[in-house]
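The basis for the numbers below is simple: all heavy atoms, side chains too, and nothing from hydrogens, waters or symmetry mates. Keep in mind the model is a prediction, meaning the values are calculated, not measured.
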Amino acid sequence: MLPEEDQTLTLHLIKKLVLAWDPDYTRATPAEDAAMEQAIKEIESGDYVPHNAIHWD
């Protein structure tokens, strides 16, 4: 809904607010790192179920 310029400004503002609230928010635990690496490998190999393939009702 917002123009592209306003979207960018809003994103930067939110990032600054989050960093001010919790400076370590970007740090992941070793378990989270492993899970993210596994997920990236699965996506790259095509081993995943696309969102639109799931019947959510």
Side-chain angles (χ1 to χ4, degrees):
M1 296 288 237
L2 289 174
E4 186 74 30
E5 185 179 319
D6 290 345
Q7 290 178 24
T8 303
L9 179 63
T10 303
L11 178 61
H12 289 295
L13 176 62
I14 290 171
K15 285 181 180 180
K16 285 184 180 265
L17 289 172
V18 171
L19 278 173
W21 176 65
D22 183 6
D24 294 330
Y25 89 101
T26 57
R27 294 191 184 164
T29 66
E32 291 169 330
D33 281 338
M36 288 186 280
E37 285 191 28
Q38 180 64 33
I40 289 169
K41 287 178 186 175
E42 290 173 3
I43 290 170
E44 288 174 345
S45 70
D47 185 24
Y48 66 95
V49 177
H51 185 269
N52 62 356
I54 299 172
H55 181 66
W56 295 97
D57 292 331

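Between the side chain of Trp56 and the backbone N or O of His51, at least one donor-acceptor pair lies under 3.5 Å. Remark: side-chain polar atoms of Gln7 are paired, donor with acceptor, to backbone N or O of Leu2 under 3.5 angstrom.
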* Would Val18 and Ile14 count as a side chain to side chain contact (heavy atoms under 4.5 Å, CB included) if you check the C-alpha gap in whole Å, the side-chain angles of each, and the deciding distance to 0.1 Å? -> CA-CA 6 Å; Val18 171; Ile14 290 171; 4.2 Å; yes

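The environment of CD in Glu32 is crowded: more than 12 heavy-atom neighbours from other residues, nucleotides or ligands sit within 6.0 Å.
Linking Ile, Leu, Val, Met, Phe, Trp and Tyr whenever their side-chain heavy atoms come within less than 4.5 Å leaves Met1 and Leu9 in two separate clusters.
Taking NZ of Lys15 as the reference point, atom NE2 of His12 lies at 6.0 Å (rounded to 0.5 Å). Taken from CG in Leu11 to NZ in Lys16, the straight-line distance is 11.5 Å, to the nearest 0.5 Å.
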